[in-house]
Structures are given as structure tokens and as C-alpha cells.
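Supplied in C-alpha cells, the structure appears directly below.
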Amino acid sequence: MKNRKNNVLKCALGAVFCITALSLSTIPVSAAKGDQGVDWARYQGINGKWGYAHDKFAICQIGGTTDGWNTYGQDTYKTQVAGTIAMGRRAHTYIWWQNVTTQQQADKVLDYFLPRVQTPKQSIVALDVESGQQNTAVVDYALNRIKQAGYTPVLYGYKSYLQNHVDLASLAKKYPLWLAAYPDYNVTTKPNYAYFPSFDNVGIYQFTSTYVAGGLDGDVDLTGITDNGYRNGDASKPVSKPTAVEQGIVADNTPKKDITIGYKVKVNYSAHRWASGQIIPNWVKGRVYDVVQTNGDKVLLGGIMSWINRKDVEILQTATQTSGTYTVQSGDSWWSIANRYGMSMYTLAERNGKTIYSMLHPGDKLTISGQTSHIYTVKSGDTLSSIASRLGVSVGHLAQTNHISNPNLIFVGQQLSY
């Protein structure tokens, strides 16, 4: 977690107390589920920060309390949830829980946060219990309230801290645990089960706080618990759709444009025959061509003037012209509107004399007219580096043009100007 003071010192102390020598019989040979993911607070920005393309889930901080009475929210929570869903990944929630020692305090904090949860029903809502004073009965009460609200209650913390501040054994009989333990601060991409904090009912293992250089928590799902809230673990099929989840689904389902004259396309390596039936030579595959003519499901490639089947090429970019005005609807955001028109949300806001932090109201009129620009639609498996290489531009240029603060964070369907 990234909300605590003296983070490095506390993590180090947690690791020292958590790490114990385990017999081979107690070390999990492999995780029951094995999906890896991350957890975020505001330090990871409005769209979060991913470690690797194989990450499957994010657990986002909604806010919390440090004194047991006053609450604070994370202004990044909703956009992180929406961004996670937009990338086809599962989003969950956690609450910072410090110095909550009475039922009255627990009710005050949960009465504020539970109605504001933006991940689906049945998804994880975890209590981050790693600092300050705690009370076993109150933690039990709070986790049960989360369960009664329709979510999956989970208790997070370092094993040593939890054992010193609550009756961890009794809580583990009722609720899944999310335990953290890591031996050092070297970049760690996979869990090292030699340092696994062995205990009953561990559902998630936070195995590093340096998942990537610069710092990021890395987690592994041991039981499939991060599928909760999503039918068959599919992020596009949540059991309920709070606003942030709905926005993420809309972004994920942004219609892909068909091929027309002016597009650049790359011939797939799997392509076998031209539309005429002749064998496609290997030197053609992987290369980029302009589309100079279309005819049904066939396109004519400039330079070699050969017809190829639509299914054998990948659309890379097109020149587009946005124009006119848009009337803001209920549930709209700068992000959702910009994606609808293939624009950067920063550009959209600037054109209307605002910033992305300006409030939008139903009925507002936004100008979407602008200059012609080249657009690339992100595909599954893309990275900013691979896109830059295809289009013959630098990663820095793409990041700057599209206001991308984290080059590791792009999502399928996102449209990039260059």
C-alpha cells in the first residue's frame, strides 16, 4: 500500500517480522489461480500504473481514515476503476483502516464509503489494517458489514502486525486474508514463495513493493478470489455496473473503424494468400502499406498494388476530421467523450477553455471541431513502444501528444494521435 508514512521503514519491519523459514511442505508449489495484479492509491495517478501486460486485476483505494473518525477520499479512485475495466481487467476496492477501535467509528467510516464503492457487487472490498490501534471485534464487525453490503470482505496487512494487534486466527476463520511479505526492494516480477507468510485462508499474496523499478505493489491471486464480482472472471461482465464500471465498459467497447482509403495497414504474419489465391511472399508480411482502394472485404495495397483479404491486415491509422458540437449526457466524462470522437481528453478540454478537472453537466455544449490528425487504435498485445515502431515515431512523441504520463498504461480501443 502507498498511504503510510515512513513507507520504506514500515515495509522493512513488516518483512523482517513476516519472513520465517518454511518447510517444503508448507510452501505453495503453485498458486491455485496464479493471476497477478497490482494495488493503487493516489500515488499511481488518475489511471493507475500497471506492471506488466499479463496483469489481470487492480485493487484501488477509495479512501479511508487515520483517526477513526474523519474520512478522506481518493480523487483517483473512480478513474482508476474505470481505466482498469477499460483495459479488460478486474477492479476491486480497499479502505485504509487506522485507529478504528469502536463500533461507532466503524459505522461512521463505512456509512460514508460503502455507498461510494464503484466496483461491482461481490467484488473485493478490503480493509487495509497495517497501522495504528486496532480492535478484533471492531475489525470483525466492519468486515461483516462489508459482507452484508454484498461485497467480498478481505483483511489486508503484514502478518506480524496483524498478529500483534488482532486475533488473526479467529478472523481468518471468517474472512480471506491478503498478506504482504517481501525480502528486499529489488525489482521482483514473480512471487518468491520462500518468503510466503504462511497462514490459514490466504487469498492474495502481496509479494513485492518493487514490482517495477521506481516502486509498485505486486500481488498474486492464490484462490481465484479476484474473479469475484465478474462472471467467469470476465471484466466486461460485472455482476453490477456502478458508474465507473459502466464508463470502463463503454471505453472498452468503443467501436473499431472499418478500413477505408487513406488508412495504413500492416499485413499479418499469419496471412497466407492474396485475394487472388496466390501465395503471399514472406517479405510482404509485417510490412506497412497505404490502402488505395477498397472493394467489399478486399483492400488494394499501395506500393505493390496487390489485393488482400480484409482479415489478413491490421489497421494502424487513418486521417480523421472531428467537427461540430456535442451535448453532454448524464454519466459522461471528459474521458468517455474524448474516446468517442478519437480525441485526447486534454485536447477536448483545452478546446473548450477548461481542464479535465472542470465539472461537466448534462446539457453542456462542447466543441469537438479540430484539425485533421492521424489516429491509431490500440489493439490487444500492443505496447507504446511497439506502436511507435510501427508508425515510425518515438515513444516520447506518442506519450507527449496523448498526455500519457505512464507509457506502460494503454488500453484496447484507446485512440492515439500522432
Side-chain angles (χ1 to χ4, degrees), residues 32-33 35 37-41 48 55-65 71 73-97 100 106-129 139-156 171-172 174-178 201-204 219 221-253 330-331 333 335-336 411:
K33 181 68 177 180
D35 281 352
V38 293
D39 57 84
W40 299 325
D55 291 336
K56 300 296 185 183
F57 64 88
I59 309 177
C60 311
Q61 188 189 137
I62 188 173
T65 182
T71 56
Q74 297 275 275
D75 56 6
T76 53
Y77 172 67
K78 288 185 178 180
T79 53
Q80 287 178 350
V81 170
T84 299
I85 299 298
M87 295 185 70
R89 296 166 174 175
R90 304 182 294 273
H92 299 276
T93 300
Y94 77 90
I95 303 170
W96 181 265
W97 196 260
V100 184
D107 281 332
K108 187 174 188 301
V109 175
L110 293 178
D111 285 347
Y112 180 81
F113 284 116
L114 285 178
R116 291 171 169 79
V117 172
Q118 287 292 304
T119 52
K121 291 291 186 178
Q122 301 176 26
S123 65
I124 292 168
V125 175
L127 294 185
D128 183 347
V129 178
V139 172
D140 186 356
Y141 173 78
L143 290 168
N144 187 58
R145 271 205 60 182
I146 291 170
K147 181 178 180 180
Q148 294 303 314
Y151 300 100
T152 299
V154 171
L155 175 60
Y156 169 88
L171 292 171
K174 296 182 178 181
Y175 311 104
L177 304 181
W178 172 14
N201 205 14
V202 181
I204 303 174
D219 304 276
D221 179 346
L222 302 178
T223 64
I225 192 172
T226 62
D227 282 354
N228 289 10
Y230 302 91
R231 296 179 180 88
N232 298 318
D234 187 342
S236 67
K237 298 178 180 178
V239 300
S240 65
K241 296 180 180 179
T243 302
V245 170
E246 182 64 37
Q247 289 177 344
I249 290 174
V250 169
D252 191 30
N253 291 332
S330 178
S333 67
W335 180 30
S336 64
F411 56 86

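Quick note: numbers below take in every heavy atom, side chains included, and nothing from hydrogens, waters or symmetry partners.
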Checklist entry - For the atom pair CD1 (I204) and CG (L155), what is the distance rounded to the nearest 0.5 Å? => result 11.5 Å

Checklist entry - Distance-only, no hydrogens or angles: does the Y77 side chain make a donor-acceptor pair with backbone N or O of V117 under 3.5 Å? => result no

Next on the checklist: Looking at every non-hydrogen atom in both residues, tell me the closest pair between S333 and Q247 and how far apart they are.
Outcome noted: CB-NE2, 3.9 Å

Next on the checklist: The test is side chain to side chain contact (heavy atoms under 4.5 Å, CB included); show your working for R145 and D111 and say whether it passes.
Outcome noted: CA-CA 10 Å; R145 271 205 60 182; D111 285 347; 3.0 Å; yes

Item to check | Ring centre gap for Y230 and H92 strictly below 6.0 Å | outcome: yes

Checklist outcome for this item: Looking only at heavy atoms, the pair that brings T79 and T76 closest together is OG1-O, 3.1 Å

Next on the checklist: Could you walk me through whether K33 and D227 satisfy the salt bridge (Lys or Arg N to Asp or Glu O under 4.0 Å) test, starting with their C-alpha distance in whole Å, then the side-chain angles of each, then the deciding distance to 0.1 Å, before giving a yes or no?
Outcome noted: CA-CA 10 Å; K33 181 68 177 180; D227 282 354; 3.3 Å; yes

Checklist entry - Between W178 and D219, is any side-chain donor less than 3.5 angstrom from a side-chain acceptor? => result yes

Checklist entry - For the side chain of K121 and the backbone of A149, is there at least one donor-acceptor N/O pair under 3.5 Å apart? => result yes

Checklist entry - How many angstroms lie between OG1 in T152 and CG in N228, if you round to the nearest 0.5 Å? => result 4.0 Å

Checklist entry - Side chains of P242 and V81: closer than 4.5 Å at any heavy-atom pair? => result no

Checklist entry - Where do S123 and A91 come nearest, in terms of heavy atoms and distance? => result CB-O, 4.2 Å

Next on the checklist: Are the side chains of F57 and T84 in contact, using a 4.5 Å heavy-atom criterion?
Outcome noted: no

Next on the checklist: Once rounded to the nearest 0.5 Å, what's the spacing between atom CG of L143 and atom OH of Y151?
Outcome noted: 15.0 Å

Item to check | CD-NZ distance between Q118 and K78, expressed to the nearest 0.5 angstrom | outcome: 5.0 Å

Item to check | N232 side-chain N/O to D234 backbone N/O, donor-acceptor pair under 3.5 Å | outcome: no

Next on the checklist: Checking side-chain polar atoms at under 3.5 Å, does Y156 have a donor or acceptor matched by the opposite partner on D39?
Outcome noted: no

Checklist entry - With no hydrogens and no angle check, do the side chains of T71 and T65 hold a donor and an acceptor under 3.5 Å apart? => result no

Checklist entry - Looking only at heavy atoms, what is the nearest atom pair of V245 and I85, with distance? => result O-CG2, 3.8 Å

Item to check | Nearest-0.5 Å distance that lies between atom CD in Q74 and atom CD in Q80 | outcome: 7.5 Å

Checklist entry - Would you call D55 and R89 a salt bridge, taking side-chain N to carboxylate O under 4.0 Å as the test? => result no

Checklist entry - Any idea which heavy atoms bring L177 and A172 closest together, and the distance? => result CD1-CB, 3.9 Å

Next on the checklist: Looking at every non-hydrogen atom in both residues, tell me the closest pair between W96 and D128 and how far apart they are.
Outcome noted: CE3-OD2, 3.1 Å

Checklist entry - Would you say the side chain of I225 lies within less than 4.5 Å of the side chain of I124, judging by non-hydrogen atoms? => result yes

Checklist entry - Taking atom CZ of F113 and atom CD1 of I95, what is their separation to the nearest 0.5 Å? => result 6.5 Å

Next on the checklist: Could you check whether R90 pairs with D35 (Lys NZ or Arg NE/NH1/NH2 to Asp/Glu carboxylate O, under 4.0 Å)?
Outcome noted: yes

Checklist entry - Where do I59 and T119 land on the side chain to side chain contact (heavy atoms under 4.5 Å, CB included) test, with the steps shown first? => result CA-CA 10 Å; I59 309 177; T119 52; over 6 Å; no

Item to check | Student check: side-chain heavy atoms of Y175 and I146 closer than 4.5 Å | outcome: no

Item to check | Pair T226-K56, side chain to side chain contact (heavy atoms under 4.5 Å, CB included): steps then yes or no | outcome: CA-CA 9 Å; T226 62; K56 300 296 185 183; over 6 Å; no

